[in-house]
Amino acid sequence: MNKSMNSIYEKIHQQIKKVVADAFLACANNKSIPQVELPEISVEVPRERGFGDFSTNIVMQVARQIKMPPRKAAELLIQAMDLTGTYIEKVECAGPGFINFYLNRHWLYDALRLIQEKKEHYGELDMGKNIRVNVEFVSANPTGPLHMGNARGGALGDCIASVLKKAGYDVTREYYINDTGNQIEKFGISLEARYLQQLLGEEKVAFPEDGYHGEDIIQHAKDYISKYGDALLEETPEKRREILAQYALPINIDRIREMLAAYGIEYDVWFSERSLHQSGEVDETIEFLTDHGYTTEKEGAIWLNGEKLGLEKDEVLVRNNGVPTYLAADIAYHRNKFVKRGFDWCINLWGADHHGHVARMKAAMAPFGVAKDKLEVVLFQLVRLYRNGEIARMSKRTGKSISLEDLLEEVGRDAARFFFNLKTSGSHLDFDLDLAVSQSNENPVYYVQYAHARICSLIRRLKEEEGVILKDTDSINPEVLTESEELDLIRKLSEYPEEVRLAAKALEPSRLTRYVMDVAANFHSFYNACRVKGVEEPLMMARLMLVDSTRIVIKNVLDLISIHAPEKM
RNA sequence: GCGCCCAUAGCUCAGCAGGAUAGAGCAACGGUUUCCUAAACCGCAGGUCGGGGGUUCGAAUCCCUUUGGGCGUACCA
């Protein structure tokens, strides 16, 4: 077996593509089929097991070019195929012109050996070789606690990063801290109002309508007073707001950091928006755009020239009071990622309510020589929580809207991350809080974790009660595995690297969550049909290898989505 | 008004770079435990892929149109 191979699928795809391409060539040589430029030969797994292990629709794709009925051409190709040195045992033409490949079982046994060879590295790919990718997610305003949208974006972003890493990309996880601008201004005003209310009496000070109304603001004010007293009463409002905001901001950021850590997310970079202004990069960016004719001045403000960038309208970069907009800072931020830090690819996770910003952001990168597809924005739909069959808006604990902290307390990290990664990012997500905590067969989290615990228990008992441990792979003969449950399970395990590839390509880690549920299902079926303990040695050892390989894959996927793989339940 | 997203089994969702008889989980119904964890397994059901039109050998998938939901359209972020 090729030592550098990552995936049996890869190998089989290559074999089939070569066999088909060579057959086309042979037919061209004997003039039975006209020579044409072949498109990429797609190899897929047919829906029906009866249609073979793999199939290709290449003949139908070129039917028009070669001016032949697909079935006729397929028959000619099959006759011309050279199958030596491949897993392919039988080839048939079927349906409107599919070519179906039936493989001998050695590919499954090789797949099993591959898992044992790679262990926890099974599933790793090199599709992202030498590509540096920045995944930016959550990036919530540090003006309050994290909410459900942040929770979904967090789970998604973290898992996208993990999937890309598994696929071989050089991944940086990043949090963009919006620690300046209007929201922070409002934050300061809110803190100031609470501060004054505490000291002068609530009725004496009006709280701004559009301020942050949360309890946490009041708590910050109280804490500040107990630490530093009432000295700020003497300060100007501007100074007061600034001091209060700069007091509370680091506290909030630390809380966010701790909360995300509890959620299983660790960032490589915390990037401050404020630092972009302080370093002069925002000004530099606006200057660059102006120098290259991408801005116009009107009504005292500096506008980004929308028409020149293919946008519907102009956008303000610098307000008529001289303060740059969020967009200006965001352009500078992305310029920093691409130009200053040299990322090849940047992925941003945004709630669907920001979709209007996508085209602007992509277009605004063009002047810096950044192609549109270098910036990828994954939009995710927002979350609806259900409890007792009804939409749940309020936390049980605080009576306020449900925060990430509430969610972790109510359902735990594993269930939260699992459910957020069960659906594609573009679908609206209904989160059933009751289901997430229920210890029943309705709950998919337990279903998967139980499979892992069952395996660990089996391995443990074999060792403790029978003194049996897994032998060296070379001394085990997997060919004694012939039951349909055994073969189905191996087949499922063999798909893993391919699932990683597809998940990375589509930026959809939810594929892997659904995949691991399939693995668990196949395992449970196997477990009910085949005994490991108590059967004769060669078969027991082969089954133990299969069981251990299943453990490796389940653990591998759960690690990837940062969910615990318990050894006992 | 204009733009974006969504619509598939009773419920929650896959499938959508066009492909063979549209899949899974849950719920419902019927079975399985002297035996490695029954948080499991096996079986049985369940559909005008929102409606209409088009493109072609072939459409849940692509195009047009229509309906119903969500969102965006700030010198907010």
Side-chain angles (χ1 to χ4, degrees), chain A residues 40 42 44 46-48 50-51 55 57 60-61 63-64 69-70 94-98 100 139-141 143 178 181-186 210 273 299-303 312-313 315-327 329-330 350-359 379-382 384 386 389 419 422-424 426-432 435 438-451 453-462 465-466 485 505 508 510-511 514 517-518 520-521 523-535 540 543 547 568-569:
Chain A
E40 172 76 12
S42 80
E44 49 191 48
R47 196 182 299 278
E48 293 287 324
F51 292 139
S55 75
N57 63 352
M60 289 179 283
Q61 288 192 330
R64 190 167 312 173
F98 289 99
N100 294 336
S139 299
N141 280 333
T143 50
N178 302 119
N182 271 348
Q183 302 305 316
I184 298 303
E185 200 77 4
K186 205 196 289 179
D210 63 343
E273 178 184 355
E299 297 154 26
I302 298 175
W303 298 70
E312 286 179 16
K313 55 188 181 62
E315 302 288 340
V316 173
L317 290 178
V318 183
R319 303 179 180 95
N320 59 15
N321 63 8
V323 179
T325 59
Y326 170 86
L327 176 63
D330 218 12
W350 291 348
D353 53 337
H354 288 75
H355 75 252
H357 195 49
V358 177
L379 295 173
F380 55 91
Q381 298 294 323
L382 299 181
R384 255 190 324 200
Y386 280 82
F419 278 83
L422 204 47
K423 312 294 164 65
T424 55
S427 70
H428 296 269
L429 192 148
D430 290 333
F431 195 117
D432 186 334
L435 177 58
S438 77
Q439 300 204 358
S440 74
N441 57 351
E442 299 169 42
N443 190 338
V445 186
Y446 288 99
Y447 184 78
V448 174
Q449 290 184 322
Y450 177 61
R454 220 178 192 188
I455 291 169
C456 290
S457 163
L458 171 50
I459 293 172
R460 192 166 53 238
R461 288 192 61 176
L462 271 173
E465 294 169 17
E466 318 269 329
E485 288 85 359
K505 199 176 153 204
E508 280 293 358
S510 61
R511 286 192 71 99
R514 280 180 255 113
M517 288 170 70
D518 285 348
F523 171 74
H524 287 309
S525 296
F526 158 81
Y527 185 92
N528 273 63
C530 306
R531 288 191 60 81
V532 180
K533 216 173 141 210
V535 299
M540 177 180 69
R543 284 183 175 167
V547 166
K568 287 181 181 170
M569 279 175 81

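Chain letters run A, B, ... following the sequence lines, proteins first, then strands; residues in each count from 1.
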Just how far, in rounded Å, is [atom2] of [N] from [atom1] of [X]?
X: A/Glu44; N: B/G19; atom1: CD; atom2: C1'; answer: 7 Å
X: A/Leu429; N: B/G25; atom1: CG; atom2: P; answer: 20 Å
X: A/Phe98; N: B/U21; atom1: CZ; atom2: C1'; answer: 12 Å
X: A/Phe380; N: B/C13; atom1: CZ; atom2: P; answer: 16 Å
X: A/Trp350; N: B/C5; atom1: CH2; atom2: P; answer: 16 Å
X: A/Met517; N: B/A24; atom1: CE; atom2: P; answer: 13 Å
X: A/Gln381; N: B/C5; atom1: CD; atom2: C1'; answer: 5 Å
X: A/Arg64; N: B/G58; atom1: CZ; atom2: P; answer: 10 Å

*Watson-Crick or G-U wobble partner for B/G43, using a 3.5 Å limit on both distances?*
B/C29
*Would you mind pulling out the nucleotide paired to B/A24, Watson-Crick or G-U wobble, both distances under 3.5 Å?*
B/U12
_Sugar-phosphate or base contact per nucleotide [nucleotides 71-77 of chain B; S, B, -; heavy atom under 4.0 Å]_ = BS--BSB
*Along nucleotides 31-36 of chain B, 5' to 3', which nucleotides get a B, which get an S, and which get a -, given that the test is a protein heavy-atom distance under 4.0 Å?*
----BB
*Is the count of non-hydrogen atoms from other residues, nucleotides or ligands lying under 6.0 Å from A/Glu466 atom CD greater than 12?*
yes
Please classify the nucleic acid contact of [X] as base, sugar-phosphate, or nothing, using heavy-atom distances under 4.0 Å.
X: A/Asn100; result: base
X: A/Ala63; result: nothing
X: A/Lys568; result: base
X: A/Leu435; result: nothing
X: A/Asn57; result: base
X: A/Met60; result: base

*Near-parallel close stack of A/Phe51 and B/A20 base (under 5.5 Å, under 30°)*: yes
*Nearest heavy-atom pair of A/Val316 and A/Ala301: which atoms, and what distance?*
CG1-CB, 4.4 Å
*Under 4.0 Å between a side-chain N or O of A/Ser525 and OP1 or OP2 of B/C42?*
yes
*Of all residues at least two apart in sequence or in a different chain, which pass the ring pair (Phe, Tyr, Trp, His ring centres under 6.0 Å) check with A/Tyr326?*
A/His357
_Taking ring pair (Phe, Tyr, Trp, His ring centres under 6.0 Å) as the definition, give me every residue that meets it alongside A/Phe380, ordered by chain and number, with sequence neighbours left out._
none
_Sequence-distant partners of A/Glu299, salt bridge (charged side-chain N to carboxylate O under 4.0 Å, His left out), two or more places apart_ = none
*Position toward the 5' end of RNA chain B (nearest nucleotide), A/Asp430 or A/Leu379*: A/Leu379
Quick one: which protein N/O atoms are closer than 3.5 Å to N/O atoms of nucleotides 14-18 of chain B? Pair and distance per line, please.
from  : atom 1 : to       : atom 2 : distance (Å)
B/A14 : OP1    : A/Thr424 : N      : 2.9
B/A14 : OP1    : A/Thr424 : OG1    : 2.3
B/A14 : OP1    : A/Ser427 : OG     : 3.1
B/A14 : O2'    : A/Arg514 : NH1    : 3.2
B/A17 : N6     : A/Lys505 : NZ     : 3.2
B/A17 : N1     : A/Lys505 : NZ     : 3.4

*Find out whether A/Ser139 and A/Trp350 are in side-chain contact, i.e. whether some heavy atom of one side chain is under 4.5 Å from a heavy atom of the other.*
no
_A cation-pi test, strictly: NZ or CZ of A/Arg454 under 6.0 Å from the centre of the six-membered ring of A/Tyr527 and no more than 45 degrees from its axis. Yes or no?_
yes
